[in-house]
Amino acid sequence: MSVRCQQSPVLAGSATLAALGALVLYLAEPSGYGKYSENLMPVAIRLPARAAWFLQELPSFAVPAGILAGQPSSLLGPPASVLLGLFCAHYFHRDGCCYFSRLCRAGKGKMGLRTFVYSLLTRGRPFPVVFLFRGFVFCMGNGLLQGYYLVYCAEYPAEWYTDIRFSLGVFLFILGMGINIHSDYILRQLRKPGEITYRIPQGGLFTYVSGANFLGEIIEWIGYALASWSLPALAFAFFSLCFLGLRAFHHHRFYLKMFDDYPKSRRALIPFIF
């Protein structure tokens, strides 16, 4: 039985994402994980960081892959498959690997053989279970929204590959992903296994901003929104800007308070500006 596009859940999901982004800015409090977990939730039940990140962001891979796997191979072709493949590609690094959307759709991707990069490499602090649950629900909803729209609702002309929106969007996505991966690598090198000491990150875009990893991810989702030219992607990019931008601001403030020699010219998120 074919599934027809229903605009109401797409609009509702997009509006919810945008509202959550606005709420994050309104509350202006750091999310209580990482360096802020002890102050905000001192007695919270916690999981090891690697397990928590894996479980929290797994739906962002599994849900779109499941939607793709349920489609006859002839129904989902480019450019929608490429765009959803970009979404999965981010979670190759963050949590899971979609490889290519065709493999996901054909059901050939065995989870045990996938590369779970970020969750295996992270050396973060234990993660409060309550935030894991919130993140899991968010990733489930967002993965469903992005996958549902691209599979059942999106309509792109044959010449979309040559459209400036697609070309520029893919370029920004790849650029942002490169910045994000490189910045995460720099952060991981600051500590030896088991250490909890904070050090000043140096190199890459950390020369100019405290939240280089966040800036990279924001650029990714702006590129994704431009390439897909869709309301759900735009709403997710706005949420990412609000959530990650605020986190970059709190990180910057944290570093300024902790280190007397922290570079005064360094900004929080946007080089030379903010």
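Nothing fancy with the numbering, it's 1 onward along the sequence.
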| note | For residues 138-147, the side-chain hydrogen bond (donor to acceptor under 3.5 Å, both in side chains) pairs (sequence neighbours left out) are N142-Q146, Q146-Y224

| For the atom pair CH2 (W221) and CG (L86), what is the distance rounded to the nearest 0.5 Å? | 8.5 Å

| said: Do Y156 and L226 land in one hydrophobic cluster if side-chain heavy atoms of ILVMFWY residues count as linked below 4.5 Å? | reply: yes

| field | Any pair counted as side-chain hydrogen bond (donor to acceptor under 3.5 Å, both in side chains), so long as it reaches residues 14-28, sequence neighbours left out | value | none

| request: First locate atom CD1 of I181, then atom NE2 of H90, and finally report the distance between them rounded to the nearest 0.5 Å. | output: 9.5 Å

| If you group Ile, Leu, Val, Met, Phe, Trp and Tyr by side-chain heavy-atom gaps below 4.5 Å, do F238 and V10 land in one group? | no

| task | Using salt bridge (Lys or Arg N to Asp or Glu O under 4.0 Å) as the criterion, list what pairs up with R199, not counting sequence neighbours. | result | E195

| query | Does S230 have any side-chain contact (heavy atoms from CB on, under 4.5 Å) partners at least two apart in sequence or in another chain, and if so, which? | reply | Y149, S228, P232, A233

| message | Is there a side-chain hydrogen bond (donor to acceptor under 3.5 Å, both in side chains) between H250 and R253? Walk through the geometry before answering. | response | CA-CA 5 Å; H250 286 298; R253 189 170 62 178; 3.0 Å; yes

For residues 206-214, which side-chain donor-acceptor pairs fall under 3.5 Å, sequence neighbours excluded?
unit_1 : atom_1 : unit_2 : atom_2 : d
T207   : OG1    : G204   : O      : 3.0
S210   : OG     : H252   : ND1    : 2.6
S210   : OG     : Y262   : OH     : 2.5

Result block: side-chain N/O donor-acceptor pairs under 3.5 angstrom for residues 164-177, not counting sequence neighbours:
unit_1 : atom_1 : unit_2 : atom_2 : d
R165   : NE     : D163   : OD1    : 2.9
R165   : NH2    : D163   : OD2    : 2.9
S167   : OG     : D163   : O      : 3.3

| When clusters are formed by joining ILVMFWY residues with side-chain heavy atoms under 4.5 Å apart, either directly or through shared neighbours, do L23 and F133 land in the same one? | no

| said: Rounded at 0.5 Å granularity, tell me how far CZ in R267 sits from CZ in F272. | reply: 9.0 Å

| task | Search all heavy atoms of L246 against all heavy atoms of V24 and return the closest pair with its distance. | result | CD2-O, 3.5 Å

| remark: Between E217 and the options L241, N180, I222, the side-chain contact (heavy atoms from CB on, under 4.5 Å) test singles out N180

| In Å and rounded to the nearest 0.5 Å, what is the CG to CD1 distance from L205 to I270? | 12.0 Å

| field | Straight-line distance of L145 CG to L17 CG, nearest 0.5 Å | value | 6.0 Å

| query | Rounded to the nearest 0.5 Å, how far apart are CZ of F236 and CG of L20? | reply | 11.5 Å

| Common cluster, L234/F243, ILVMFWY with side-chain heavy-atom separation under 4.5 Å | no

| message | When you group the ILVMFWY residues by side-chain heavy-atom contacts below 4.5 Å and let the links chain together, are M258 and Y255 in the same group? | response | yes

| remark: Sorted by chain and number, sequence neighbours left out, ring-ring contact (aromatic ring centres under 6.0 Å, His included) with F138 holds for F239

| said: I'd like to check the side-chain contact (heavy atoms from CB on, under 4.5 Å) partners of E155; sequence neighbours left out, ordered by chain and number. | reply: none

| remark: C139 and P59 have their tightest heavy-atom pair at C-CB, 3.9 Å

| remark: All heavy atoms of F249 vs all of A268, minimum pair found to be CA-CB, 4.0 Å

| If we only count heavy atoms from C-beta on, is the V82 to Y161 side-chain gap below 4.5 Å? | yes

| What residues, two or more places apart in sequence or in another chain, satisfy disulfide bond (SG atoms under 2.5 Å apart) together with C153? | C5

| Taking only residues two or more places apart in sequence, or in another chain, which ones meet D261 in a side-chain contact (heavy atoms from CB on, under 4.5 Å)? | I200, F259

| said: Looking at every non-hydrogen atom in both residues, tell me the closest pair between A227 and W160 and how far apart they are. | reply: O-NE1, 3.0 Å

| remark: Minimal heavy-atom distance between L187 and P201, with the atoms involved, is CD2-CB, 4.0 Å

| Considering all heavy atoms of both residues, which atom of L25 and which atom of C242 are nearest to each other, and what is their separation? | CD1-SG, 3.5 Å

| said: Please list all pairs meeting salt bridge (Lys or Arg N to Asp or Glu O under 4.0 Å) that have one or both residues in residues 220-231, counting only residues at least two apart or in different chains. | reply: none

| Can you list every salt bridge (Lys or Arg N to Asp or Glu O under 4.0 Å) pair that touches residues 221-231, not counting sequence neighbours? | none

